[in-house]
Trainee: 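Quick one: structure below, then a few questions.
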Amino acid sequence: MPICQNCHKQWSWKQTVKKMFTLDTGMICPYCGKKQLLTTQSKKRAGLTNFLTPLAMLFGVLFNLSVITIFILIIASGVIVIAAYPFLVELTEEDEPLW
């Protein structure tokens with residue numbers, strides 16, 4: 001779970017999931033109110049997990065699975081990404097370049 005770099009409090013899973021659905025690049029700490037940003041490593045991990053859903057779609061097409069099975073794979077991969085994301089997040093107070 002992410003830890004605020006300002007107040008050093010650990011965010012809960014629920015708080016992190018709520019923050020991941022915002023369009024802002026930063027996340028406001030629910031405890032101290034300071035803006036926290038994702039580390040470069042965290043951005044890379046999040047980018048890799050985003051390929052899980054298209055991979056499930058490709059897997060279904062390559063193995064000629066039924067539409068229902070492909071749909072279930074897509075939903076399951078989306079749930080896995082959302083459930084795992086808070087464990088992959090690391091925060092920083094400074095904006096870091098991706099590379």
Side-chain angles (χ1 to χ4, degrees):
M1 292 298 158
I3 297 173
C4 176
Q5 297 300 307
N6 185 50
C7 65
H8 304 288
K9 291 192 179 182
Q10 185 174 8
W11 296 9
S12 70
W13 182 88
K14 185 177 178 181
Q15 289 167 332
T16 309
V17 169
K18 271 175 62 176
K19 301 287 184 187
M20 86 182 237
F21 287 108
T22 61
L23 295 177
D24 190 13
T25 56
M27 300 180 193
I28 304 297
C29 177
Y31 300 107
C32 67
K34 286 282 202 169
K35 187 173 186 176
Q36 301 290 302
L37 301 163
L38 294 175
T39 62
T40 301
Q41 188 68 26
S42 186
K43 288 176 190 176
K44 290 178 183 178
R45 280 185 259 165
L48 288 176
T49 60
N50 290 336
F51 285 109
L52 188 59
T53 302
L55 188 64
M57 293 168 57
L58 180 64
F59 182 76
V61 171
L62 287 177
F63 291 104
N64 201 20
L65 301 175
S66 70
V67 175
I68 301 292
T69 307
I70 294 172
F71 185 70
I72 291 170
L73 283 173
I74 292 169
I75 297 296
S77 65
V79 168
I80 289 169
V81 168
I82 291 171
Y85 180 76
F87 297 102
L88 303 175
V89 172
E90 291 176 0
L91 300 174
T92 183
E93 291 182 333
E94 303 160 2
D95 194 15
E96 298 176 351
L98 190 56
W99 303 106

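Along the sequence shown, residues are numbered consecutively beginning with 1. A quick note: this is a predicted structure, and the numbers were derived from the prediction, not measured.
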Trainee: Counting heavy atoms not belonging to Ile68, are there more than 12 under 6.0 Å from its CD1?
Mentor: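 No, CD1 of Ile68 has 12 or fewer neighbouring heavy atoms, counting only those of other groups under 6.0 Å.
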
Trainee: Treat each ILVMFWY residue as a node, draw an edge where side-chain heavy atoms are under 4.5 Å apart, and state whether Leu73 and Leu58 are in one component.
Mentor: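 Yes, it is one cluster - the side chains of Leu73 and Leu58 are joined through contacts under 4.5 Å.
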
Trainee: What closest approach, in Å, do Ser12 and Met1 show between heavy atoms, and which atom pair accounts for it?
Mentor: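 In this case the closest contact between Ser12 and Met1 is C-SD, 4.1 Å.
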
Trainee: In the single-linkage hydrophobic clustering (I, L, V, M, F, W, Y; side-chain heavy atoms under 4.5 Å), do Ile80 and Tyr85 co-cluster?
Mentor: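 No.
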
Trainee: To the nearest 0.5 Å, tell me how far Gln10 CD sits from Gln15 CD.
Mentor: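 Here the interatomic distance stands at 10.0 Å.
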
Trainee: Looking at every heavy atom in both Lys35 and Gly26, which two are closest together, and how far apart are they?
Mentor: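 So the two residues come closest at CE-CA, 3.6 Å.
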
Trainee: What are the two closest non-hydrogen atoms of Arg45 and Leu88, and how far apart are they?
Mentor: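 Arg45 and Leu88 have their closest heavy atoms at NH1-O, 3.3 Å.
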
Trainee: For residues Trp11 and Cys4, report the shortest heavy-atom separation together with the two atoms involved.
Mentor: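 Taking every non-hydrogen atom into account, NE1-CB, 3.9 Å.
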
Trainee: Hey, any chance Phe63 and Ile74 share a hydrophobic cluster, counting ILVMFWY side chains that come within less than 4.5 Å of each other, even indirectly?
Mentor: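 Result: yes, single cluster for both.
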
Trainee: Taking all non-hydrogen atoms of both residues into account, name the closest pair between Phe21 and Ile82 and its distance.
Mentor: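 What the structure gives for the nearest pair is CZ-CD1, 4.0 Å.
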
Trainee: Hey, could you give me the CD1/NZ distance between Ile3 and Lys9, rounded to the nearest 0.5 Å?
Mentor: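 Between atom CD1 of Ile3 and atom NZ of Lys9 there are 13.0 Å.
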
Trainee: Quick one: do Thr53 and Ser77 satisfy side-chain hydrogen bond (donor to acceptor under 3.5 Å, both in side chains)? Show the steps, please.
Mentor: CA-CA 5 Å; Thr53 302; Ser77 65; 3.2 Å; yes

Trainee: What's the spacing between Ile70 CD1 and Ile75 CD1 if we round to 0.5 Å?
Mentor: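 Result: 13.0 Å between the selected atoms.
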
Trainee: How long is the gap from OG1 on Thr92 to CG on Asp95, to the nearest 0.5 Å?
Mentor: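 Result: 9.0 Å between the selected atoms.
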
Trainee: Are Val17 and Leu91 connected in the hydrophobic side-chain network, where two residues link if heavy atoms are under 4.5 Å apart?
Mentor: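 Yes.
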
Trainee: What's the shortest heavy-atom distance between Gln36 and Glu93, and which atoms?
Mentor: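 So the two residues come closest at NE2-CG, 3.8 Å.
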
Trainee: Checking Thr16 now: which residues fulfil side-chain hydrogen bond (donor to acceptor under 3.5 Å, both in side chains) with it, not counting sequence neighbours?
Mentor: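 Once residues adjacent in sequence are excluded, Thr16 has no partner under the side-chain hydrogen bond (donor to acceptor under 3.5 Å, both in side chains) criterion.
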
Trainee: Kindly compute the distance separating NZ (Lys44) from OG1 (Thr39), expressed to the nearest 0.5 Å.
Mentor: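 Result: 9.5 Å between the selected atoms.
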
Trainee: Please check if atom CZ in Phe71 has more than 12 non-hydrogen atoms from other residues, nucleotides or ligands closer than 6.0 Å.
Mentor: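 No, because the 6.0 Å sphere around CZ of Phe71 holds 12 heavy atoms or fewer from other groups.
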
Trainee: Quick check on the hydrophobic clustering: are Val81 and Met57 connected, directly or via other members, by side-chain heavy-atom contacts under 4.5 Å?
Mentor: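 Val81 and Met57: separate clusters.
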
Trainee: Output the distance between atom CG (Leu48) and atom CG (Leu55), rounded to the nearest 0.5 Å.
Mentor: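 That separation rounds to 11.5 Å.
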
